[in-house]
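The model shown is predicted, which means the values in this text are computed figures rather than measured ones. Below, chain A is the first sequence line, B the second, and so on; all start at residue 1.
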Amino acid sequence: MFESLSDKIEGAIKNVTGQGRINELNIAATMREIRRALLDADVNYQVARDFTDQVKEKATGDEVLNSVTPGQQLVKIVHDELTELLGGEHVGINEPDYPPTVILVAGLQGSGKTTFCAKLARHFRRQGRAPLLAAADVYRPAAVNQLQKLASEIDVPVYARMENGEPLQDAVRVAKEAVEEARTKARDVVIIDTAGRMHVDERMMQEVTDIRDTVEPHEILFVVDSMTGQDAVNTAKEFNEQLNFDGVVLTKLDGDTRGGAALSIRSVVNKPIKFASTGETLDALTEFYPERMSQRILGMGDIVTFVEKAQEEFDEKKAEKLRQKMQSDDFNFEDFYQQLQRIKKMGSMKDLLGMIPGIGKKVRNLDVDDDAFKHIEAMILSMTIEERLNPSVIDGSRRRRIAKGSGARVRDVNQLLKQFKEMKKMMKSMSKLMGKGRKMDIQQMLNNMDVGKMGGSAKPPF
Amino acid sequence: MGFFDRFKPRTNEPSPEEKEKLEEGLEKTRTSFFGKLDRMVRGKDEVDDLVLDQLEEVLVTSDVGVKTTLDIIDRVEARVARDQFVSTKELNQLIREEITHLMLDEVPEMPADFEADLPHTPHVVMVVGVNGVGKTTSIGKIAYRYKQAGRSVLLGAGDTFRAAAIEQLEIWANRADVDLIKQSHGSDPAAVAFDTLAAAKSREAEVVLIDTAGRLHTRRGLMDELSKVKRVMSKQIPDAPHEVLLVLDASTGQNAIRQAEVFTEAVDVTGLVLTKLDGTAKGGIVIGVSNEFKVPVKYIGVGEGIDDLQIFDRRAFVEALFGDQF
């Protein structure tokens with residue numbers, strides 16, 4: 001795996017903090033690290049440069065310099081800036097007052113237009129709409145056929161014009177007739193699939209602008225492969241100049257590319273990214289979330305920061321003792337209580353939870369009470385020493401007693417015990433990984449943690 | 001698209017038109033890359049940090065990748081430190097040498113000539129890659145070139161997954177006037193490969209090209225499937241496939257290196273095809289892939305026409321890249 005950008009930032013800032021304080025001089029080295037990491041993620045060179053300039057400005061402010069944990073502070077700034085740059089809110093498709101909504105889809109060869117068109121049709125169909133696909137890719141061998149096959153899977157009609165078994169070589173006409181067809185057949189969305197084209201191919205670019213001028217689409221989507229490198233900026237710029245598209249679709253996001261192209265395109269053409277395509281099956285289409293993308297570019301699960309925060313709060317001796325405890329499986333409520341006290345020192349609960357991948361988004365709109373620990377502490381303090389050391393003895397009657405003693409309900413006690421058990425499991429796997437040194441396999445850890453389940457609970461997972 | 005306009009006999013040597021096409025394709029690369037390089041060194045007789053910084057910029061913006069760029073810069077810096085003084089001209093020469101070195105030295109010469117004697121008959125070529133890089137199109141072009149060279153060619157429609165992929169290859173087979181072995185959509189790609197090789201043996205085909213479905217290298221199961229397709233081929237012909245070509249899209253960024261790595265693990269890639277080189281500034285990825293991943297580039301795709309495929313000639317590539325700037 002690649003070294004994550006957050007690791008690099010933390011590493012770079014550690015050198016800086018070793019020197020006592022951040023100053024103009026040593027922050028430059030950190031910024032270079034950040035820039036290189038962004039470049040590794042395929043962020044355009046100029047965009048990366050502008051970006052680090054911005055971050056530098058923010059980072060030299062008092063907030064970071066005087067922060068106890070400048071490294072994390074800096075990671076957070078980078079993350080926030082990335083999210084901001086990628087656009088805050090999800091933007092949907094432009095729709096006219098009267099149907100049909102006409103959507104024109106364009107992009108380079110092999111970017112995934114045809115598959116995306118089918119996915120988008122499915123997306124509308126599931127909303128109870130009646131889409132029509134227009135097969136205006138009349139050049140690529142079997143492109144019409146491909147669209148027809150995909151469409152039949154989702155039961156959406158395709159408008160195509162064939163002549164002697166070959167597609168009619170007139171994309172403009174196909175598009176125009178498709179829109180007419182939609183009107184007469186009462187289809188309320190028309191999705192026009194066009195041929196892949198190089199932005200330097202004047203004739204082909206003329207064709208797509210002709211289509212646009214003829215059908216006057218309400219939405220023009222530019223489809224781009226998320227694995228695109230530095231050239232993403234050139235193609236996006238060129239397509240935007242010619243077509244003035246409304247939104248961007250990122251495809252093949254199910255790979256392990258960092259997708260820095262997204263950032264480049266967004267900042268160069270300033271058009272929102274509307275959809276992300278994440279697989280070959282037709283349901284693999286999601287609305288685009290800037291925050292997820294910025295975490296991806298950063299190369300984290302924020303869990304890295306989470307763990308590092310934890311590491312900072314626990315000194316080595318304590319951490320080693322804890323690790324042994326976790327591994328030996330005799331981690332108990334007594335340890336947990338002590339740990340809670342330290343965690344409380346680490347920062348707000350919401351922030352901490354927000355760092356766990358998959359949970360972050362869910363807690364954003366959730367009011368997590370920083371006093372949430374109080375109830376847990378109260379319940380633990382209502383346990384006898386024996387119960388704390390050996391939670392398995394806590395039976396029904398003991399649960400009732402603990403509930404009474406802590407002013408909680410029995411089901412709160414039940415939940416605590418259940419979550420404690422789950423947490424123990426998770427800690428065990430985490431400690432194993434930590435034992436291997438700093439290189440953690442985040443994915444494996446996430447699998448072990450079963451984050452989805454944890455995030456489902458409205459209460460903090462403790 | 002004028003697919004049929006361009007049929008003309010091929011010779012071993014790249015024709016002037018071919019060279020022109022490559023140069024044309026690289027024109028944009030050159031203007032941006034060396035235009036910048038020239039601007040940054042013009043009027044300077046020595047290399048200072050600023051120049052090295054700018055060198056980093058031109059390399060990185062050509063998708064060479066940070067690691068390879070830093071390698072090149074390190075070498076240049078070392079040379080500058082040793083020689084104390086490097087002029088614009090010397091610097092140009094030096095950078096050219098370093099890049100040529102990265103592309104030539106580390107990669108064993110493996111001719112991809114369509115007319116060369118084949119060590120095995122049939123010569124079995126398996127073509128792999130992620131989605132949308134141009135595998136099927138490349139196979140069509142390669143088949144055409146072999147056919148033009150007088151070889152009997154057989155294609156295997158091993159992409160049984162993507163809608164209409166078989167039909168697409170069929171159209172290419174017709175264009176190139178070669179035979180195609182296919183099964184129905186959704187059938188086992190390993191079985192298609194097996195049958196194709198069986199047919200190749202009985203028909204005494206000289207070259208067999210096996211298409212495979214595009215797959216992201218992160219999909220474990222699909223990569224395993226690819227290994228299986230390869231394994232099954234060796235049951236028909238012991239050392240088949242003799243060549244495994246990984247197709248890379250030239251506009252791909254740093255992920256291409258990861259792709260090369262994972263595909264090699266799965267099917268032991270022996271060569272690369274770099275497609276879509278007729279777009280804007282790029283080609284730097286070739287340097288990055290060649291350097292970080294020791295697999296030679298064999299063919300490049302420079303357009304959508306059936307003859308828009310060239311044997312990758314590293315020297316010609318570097319020449320074309322540098323053009324008359326040096």
Exercise for the section: Mind running side-chain contact (heavy atoms from CB on, under 4.5 Å) on Leu108(A) and Lys276(B) for me, showing each step along the way? Expected result: CA-CA 10 Å; Leu108(A) 295 177; Lys276(B) 308 184 199 174; over 6 Å; no
Exercise for the section: Could you walk me through whether Arg35(A) and Glu56(B) pass salt bridge (charged side-chain N to carboxylate O under 4.0 Å, His left out), step by step? Expected result: CA-CA 12 Å; Arg35(A) 202 174 74 227; Glu56(B) 178 183 313; 3.5 Å; yes
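Arg219(B) has no carboxylate O lying under 4.0 Å from a charged side-chain N of Glu280(A), or vice versa, which leaves the two without a salt bridge. A salt bridge links Lys149(A) to Glu167(B): at least one charged side-chain nitrogen sits closer than 4.0 Å to a carboxylate oxygen.
Considering OG1 of Thr251(A) and CG of Asn131(B), their distance stands at 9.0 Å, rounded to 0.5 Å. Between the NZ atom of Lys67(B) and the CG atom of Leu39(A) there is a distance of 15.5 Å, given to the nearest 0.5 Å. The OG atom of Ser251(B) sits 9.5 Å away from the CD atom of Gln109(A) when rounded to the nearest 0.5 Å. Note that OG1 of Thr228(A) and CG of Asp249(B) are 7.0 Å apart. Values are rounded to the nearest 0.5 Å. If you take CD on Gln254(B) and CD on Gln230(A), they are separated by 7.5 Å, rounding to the nearest 0.5 Å.
Contact detail for Val200(A) and Asp278(B): the closest heavy-atom pair is CG2-O, 3.6 Å. Closest heavy-atom contact between Met227(A) and Asn255(B): SD-OD1, 3.1 Å.
Contact annotation for Val133(B): neither backbone nor side-chain heavy atoms come within less than 4.5 Å of a heavy atom of chain A. In this structure, the portion of Gln259(B) lying under 4.5 Å from any heavy atom of chain A is its side chain and not its backbone. Using a 4.5 Å cut-off between heavy atoms, Leu70(B) contacts chain A through its side chain alone, with no backbone atom that close.
By number of non-hydrogen pairs under 4.5 angstrom with chain B, the leading residue of Gly229(A), Ala261(A), Gly112(A) is Gly229(A). Between chain B and the options Ala232(A), Gly260(A), Ala142(A), heavy-atom pairs under 4.5 Å are most frequent for Ala142(A). Comparing Leu216(B), Val130(B), Ile171(B) by heavy-atom pairs within less than 4.5 Å of chain A, the highest count is held by Leu216(B).
The number of heavy atoms from other shown groups lying within 6.0 Å of NZ (Lys147(B)) is above 12.
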